[in-house]
Amino acid sequence: MTTTETTPTAPDTALQSVDPATGEVIATYTIADENAVRAAVDKARTAASTWGSLSFDDRRKHLLRWSSRLVAESDEFCALIHRENGKPLDDAYLELMLALEHIAWAAKNAKKYLAPKKIAPGALMSNFSARLEQRPLGVVGVIGPWNYPVYTPNGSIAYALAGGNTVVFKPSEYSTGIGNFLSEAFKKANPELPEGIFETINGLGATGAALVASGVDKIAFTGSTATGKRIMAAAAQTLTPVLLECGGKDAVIVAGDADVKAAADAVAWGATANSGQTCAGVERVYVDRSVRDEFVAEVKRILQDVKPGSDSKASYGPMTMPSQIDIVRRHIDDALKNGGTAVLGGPESIKGPFIEPVVLVDVDEDSEAVAEETFGPTLTIRTVDGVDEAVRLANNSKYGLSSAVYSKNNGLEIARRLRVGATSVNSVLAFAAIAGLPFGGVGDSGIGRIHGEPGLREFSRPHSIAVQRFTVPGMALLSYSRTESTMKLLRKLVPFLHGRHK
Ligand code: NAD
């Protein structure tokens, strides 16, 4: 029985949170309509003046208290993540751990990167002092996906809060309970703070659309490319800036000099962990002909023992979103129709909400299975003759989120040739666990960066201030009182400053 069949219907004003493994209803939430969204944004706007005027050290203290609260409640939280999202308890804990790393990084580094700086005014403006001050944007609307419902939105939430913004968060309709747990924990950890610093609103796409139109100062979206494009078009009406973290079709290059066993181990995990529902998960592999057979055999050997389920032995859980199952089925069928061979699994691997690993080789590069995001525990492997062909095929995608390279001698050089936002060398997905490294893509994978210094800057507005400290007689450049002799002096100075380079 599929989850779709067992999911009871809810009234239009209510949203049911459902266990994807069983279809059981976990909780029911009221959907925030336009008025409720505006009320949440108004509350966040009021709180923004308090939160934004706290010192970096004070905000750091409140954010770290929030982390500690999440750690204290981690058993309860991970049980909820397991139940609402389907992922195994250990994976839920790992996801929480990664999110905590980011909360800590943002809290501890906001001062370093966003504190006011003195800027050299230059010789011609030496009677000025210049300052660059980063201001919070105000209220940031965060719209999240369900696949990493704690880690992913926190790439925006924690960084926006650390920069002095308040946040209105619309979690995915498939992870409503998890989203609410996050903001409740923040409030419980910081009871002395006013309401509105971190609010969650519940609902489907329409609630997200209302948030985009609500007058927030930025939208930070993580989700599919199709929704990202709709959000950018809607945000254009009010020139609301957007940060878009969208889909991917990440490739792994396995060069002739790769440690084949290590590459196979990482690819097997990267393609199927979290049921393959990972934006930066492994979807395509380009393997050098010289190591192809050994690599394919090793991937197959590992994955034949990897099984989905919701028991404690399961390697990964069910597909969280029932509609994704049809997309995975379509991609497998399409791959097989387009010259591909399934060396492990096939259409029969889809068993209700669970999909066993599927490994497809020599699939046509134009087929959906290679060109579109599958977001399931499937993998395509193509044989290539050398690194140039591998790089060309890896880059031949409308997406450009991240990638990985396995090569003992040339990993860094190959990585530099890839048109993506991040690359792991001799590993997969490692960049996502290093909080100081920015994350985000090019092309259909999105706009802007979360994490690290660029991730803090996404949620701040540079404010340049020039202060005249004293006037220089006859040097009033920005005045009609400028004299002939000023211009004579400038005509001597400018060649000296800028005209001496041969
Ligand atoms: P989705 O686009 O269906 O939904 C994402 C969010 O957008 C949900 O909260 C949804 O309610 C909301 N939404 C839907 N329509 C909207 C509209 N018109 N206006 C405003 N909000 C709207 O994506 P999903 O299925 O939840 O997530 C899976 C996708 O997310 C995959 O494509 C995956 O690659 C991507 N993803 C990307 C990253 C990244 O960092 N690049 C991380 C995780 C997931």
Side-chain angles (χ1 to χ4, degrees), residues 15 17 20 29 31-32 34 37 84-85 95 98-99 102 141-156 159 168-176 178-179 200-214 216 219-237 240 242-250 274-283 319-325 327-328 372-376 397-402 420-422 429 431-432 437-451 455 458:
L15 168 62
S17 156
Y29 299 89
I31 290 180
E34 250 174 68
V37 171
E84 192 175 45
N85 173 279
E95 180 179 347
L98 287 179
H102 279 288
V142 176
I143 300 176
W146 45 265
N147 60 335
Y148 288 91
V150 184
Y151 168 75
T152 298
N154 259 306
S156 299
Y159 288 73
V168 178
F169 174 37
K170 207 298 277 174
S172 164
E173 50 273 40
Y174 295 96
S175 54
T176 307
I178 299 166
T200 295
I201 50 168
N202 305 320
L204 309 161
T207 303
L211 184 57
V212 175
S214 67
V216 290
I219 285 288
F221 166 78
T222 310
S224 65
T225 303
T227 307
K229 287 179 181 174
R230 274 198 286 278
I231 286 178
M232 191 166 176
Q237 300 306 310
T240 303
V242 290
L243 162 69
L244 303 177
E245 295 292 341
C246 302
K249 189 74 191 173
D250 284 5
N274 210 39
S275 322
Q277 304 169 127
T278 303
C279 56
V282 178
E283 297 234 348
M319 299 298 286
T320 309
M321 192 170 67
S323 59
Q324 195 67 27
I325 298 168
I327 297 175
V328 177
E372 299 295 338
E373 184 180 51
T374 307
F375 227 52
S397 173
K398 63 185 176 185
Y399 296 106
L401 190 54
S402 56
V420 287
L429 283 151
F431 44 77
L437 279 179
F439 182 76
V442 299
D444 269 11
S445 290
I447 295 174
R449 292 293 180 268
I450 52 171
H451 305 167
E458 285 282 352

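Counting starts at 1 for both ligands and their atoms, following the listed order. Note that the numbering runs from 1 along the sequence shown for the chain.
- Around atom 2 (O) of ligand 1, the closest heavy atom drawn from Ser224, Ser323, Ala235 belongs to Ser224.
- Of the heavy atoms in Leu211, none comes closer than 4.0 Å to ligand 1.
- Note on ligand 1: Phe439 sits in its first shell, one or more heavy atoms being nearer than 4.0 Å.
- Proximity of Thr222 to ligand 1, defined as any heavy-atom pair under 4.0 Å, is shared by backbone and side chain alike.
- Looking at Gly223 next to ligand 1, an N or O pair under 3.5 Å apart turns up.
- Note on ring orientation: taking the six-membered ring where Trp is involved, the planes of Tyr174 and Trp146 are perpendicular (angle over 60°, cut-offs 30° and 60°).
- With 3.5 Å as the limit, one finds no donor-acceptor pair spanning the side chains of Ser445 and Lys249.
- Residues Thr152 and Glu245 have side chains that never bring a donor and an acceptor to within less than 3.5 angstrom of each other.
- By the 4.0 Å heavy-atom criterion, Tyr148 is excluded from the residues contacting ligand 1.
- Residue contact annotation: Pro171 has a non-hydrogen atom under 4.0 Å from ligand 1.
- Within the 4.0 Å heavy-atom shell around ligand 1 one finds Cys246.
- Contacts between Gln277 and ligand 1, counted as non-hydrogen atom pairs separated by less than 4.0 Å, are absent for every part of the residue.
- Between Thr152 and ligand 1, not a single N/O pair is under 3.5 Å apart.
- Atoms of ligand 1 lying under 4.0 Å from at least one heavy atom of Leu204, given by number and element, are 11 (O).
- Geometrically, ligand 1 and Ser445 share no nitrogen or oxygen pair separated by less than 3.5 Å.
- Under 4.0 Å from ligand 1, the heavy atoms of Ile231 that appear belong solely to its side chain.
- Considering Cys279, Gly144, Ala234 only, the shortest heavy-atom separation from atom 42 (C) of ligand 1 involves Cys279.
- Per-residue contacts place Leu401 under 4.0 angstrom from the following atoms of ligand 1 (heavy atoms of the residue considered): 41 (N).
- Between Asn147 and ligand 1, no pair of N/O atoms sits closer than 3.5 Å.
- A donor-acceptor contact closer than 3.5 angstrom links the side chains of Ser402 and Asp250.
- Within ligand 1, the atoms closer than 4.0 Å to a non-hydrogen atom of Phe221 are 2 (O), 5 (C), 6 (C), 7 (O), numbered from 1 in the order shown.
- Ligand 1 has no N or O atom lying under 3.5 Å from any N or O atom of Thr225, backbone or side chain.
- The residue Gln324 has no part lying near ligand 1, judged by heavy-atom distances below 4.0 Å.
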